[in-house]
There are 2 protein chains.
Amino acid sequence: MRLTRYTDYAMRVLLYVGAQDEERLSPISEISRAYGISQNHLMKVVNDLVNAGYLESVRGRFGGVRLARPAAEINVGAVVRHTEEGFDLVDCGSCIIAPACGLTSALAEALAAFMKVLDGYSLADLLHKRQAFAALFGGELRRK
Amino acid sequence: MRLTRYTDYAMRVLLYVGAQDEERLSPISEISRAYGISQNHLMKVVNDLVNAGYLESVRGRFGGVRLARPAAEINVGAVVRHTEEGFDLVDCGSCIIAPACGLTSALAEALAAFMKVLDGYSLADLLHKRQAFAALFGGELRRK
DNA sequence: TTGAAACATGCAACAAAAATACATATTATG
DNA sequence: CATAATATGTATTTTTGTTGCATGTTTCAA
């Protein structure tokens, strides 16, 4: 049981950008370097977040991305719902006991409990350890 | 986000066997036929459940499997913990912000909420719709 | 007005994990 | 002793997620 790296990266980008000065544009190359992950893949993740309205991107030289709205208004559960494709924990479509199966509802209940927790957090909540972020990204933050 | 088919199959086997008459031995071939899934794979799942003490198996002709303990004493959460390999929702090992990351704890909290729900169910709870099962497996139940 | 730096997008290749198939051994029954 | 069942290890296939590559577009500044 795990989330895709796609979702993982989406959250990392939001955390990174959210830890920056509000107006600052972070180039994707910088973010991918900071995490040591594929710039190509990250580009797609970022683009997805832009289209979903979480990030604002500026093209061209000295471009980059920043939060499109306050971190307090970005809900973690909503982001995960957006980036994670399927939430079918098991494949009931091909199972003949589906109509009589008590597992389906138990799993649905468990999933709801899972998402409810994430729905209770905003990006701002996750950024409470902001000072610690600043230390980690100090080099990047200061650069340029 | 999804569970492996391995876990799915494990639960299906328990539900199938739990719906049978207590003493009856269900051959794996019968179960795999009922669900239309690979007998070989199912064999491994079953074997795992036998070793874990959920099922009792009898070899040889007219052999098969049945529950090793009452359905009320088989906890869904425990089964899922057993069959599902990893519960690392994201890969924090390779992430430099891990020490400052508020996501880690939020995900842990969400996962705990998820498992807590499953821990609240026994196989017997899931079998409440037993009559419906009987109808679905009627053919199999009656056969020898 | 041109080059460089950045985002945007689609397609192809690759890798990892999960599922399935195959082969063979063991056990029990009639 | 043949048959039907579980047990176990290895190989193959499939799926899905990830990465890489190629190309296009936008913006800025020298």
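Throughout, a chain's letter reflects where its sequence line sits, starting with A, and its residues are numbered from 1.
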[N] OP1/OP2 closer than 4.0 Å to side-chain N/O of [X]:
{"X": "B:Y6", "N": "C:dT20", "value": "no"}
{"X": "B:N47", "N": "D:dA7", "value": "yes"}
{"X": "B:S29", "N": "D:dA4", "value": "no"}
{"X": "B:S57", "N": "D:dA5", "value": "no"}
{"X": "B:R5", "N": "C:dT20", "value": "yes"}

[X] [atom1] to [N] [atom2]: how many Å, rounded?
{"X": "A:D8", "N": "D:dT18", "atom1": "CG", "atom2": "C1'", "value": "13 Å"}
{"X": "B:L42", "N": "C:dA21", "atom1": "CG", "atom2": "P", "value": "12 Å"}
{"X": "B:H41", "N": "D:dT12", "atom1": "NE2", "atom2": "P", "value": "18 Å"}
{"X": "B:I37", "N": "C:dA21", "atom1": "CD1", "atom2": "P", "value": "11 Å"}
{"X": "A:I28", "N": "C:dA8", "atom1": "CD1", "atom2": "C1'", "value": "9 Å"}
{"X": "A:N40", "N": "D:dT23", "atom1": "CG", "atom2": "C1'", "value": "12 Å"}
{"X": "A:Q39", "N": "C:dA5", "atom1": "CD", "atom2": "P", "value": "13 Å"}
{"X": "B:E85", "N": "C:dA19", "atom1": "CD", "atom2": "P", "value": "10 Å"}

Q) Given the rule that I, L, V, M, F, W and Y join up when any side-chain heavy atoms are under 4.5 Å apart, are B:L89 and B:F87 in one cluster? A)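 Result: yes, single cluster for both.
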
Side chain of [X]: nearest nucleotide among [options]?
{"X": "B:M43", "options": "C:dG10, C:dC7, D:dT6", "value": "D:dT6"}
{"X": "A:Y9", "options": "C:dT20, D:dT19, C:dA8", "value": "D:dT19"}
{"X": "B:T4", "options": "D:dA7, C:dA18, C:dC22", "value": "C:dA18"}

N-O pairing of [X] and [Y] below 4.0 Å:
{"X": "A:R24", "Y": "A:E30", "value": "yes"}
{"X": "B:D8", "Y": "B:R12", "value": "yes"}
{"X": "B:D119", "Y": "B:R81", "value": "yes"}

(Q) Could you check whether any side-chain N or O of B:E84 sits under 3.5 Å from a backbone N or O of B:T4, counting only pairs where one atom can act as donor and the other as acceptor? (A) yes

Q: Hey, which sits more toward the 5' end of DNA chain D by its nearest nucleotide, A:L3 or A:R61?
A: A:L3

Q) Checking all strands, does B:V58 fall into the base, sugar-phosphate, or nothing category for heavy-atom contacts under 4.0 angstrom? A)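 Since only primed, P, OP1 and OP2 atoms lie under 4.0 Å of B:V58, the category is sugar-phosphate.
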
Q. Quick one: the side chain of A:K44 and the base of D:dG20, do they pair up donor-acceptor inside 3.5 Å?
A. yes

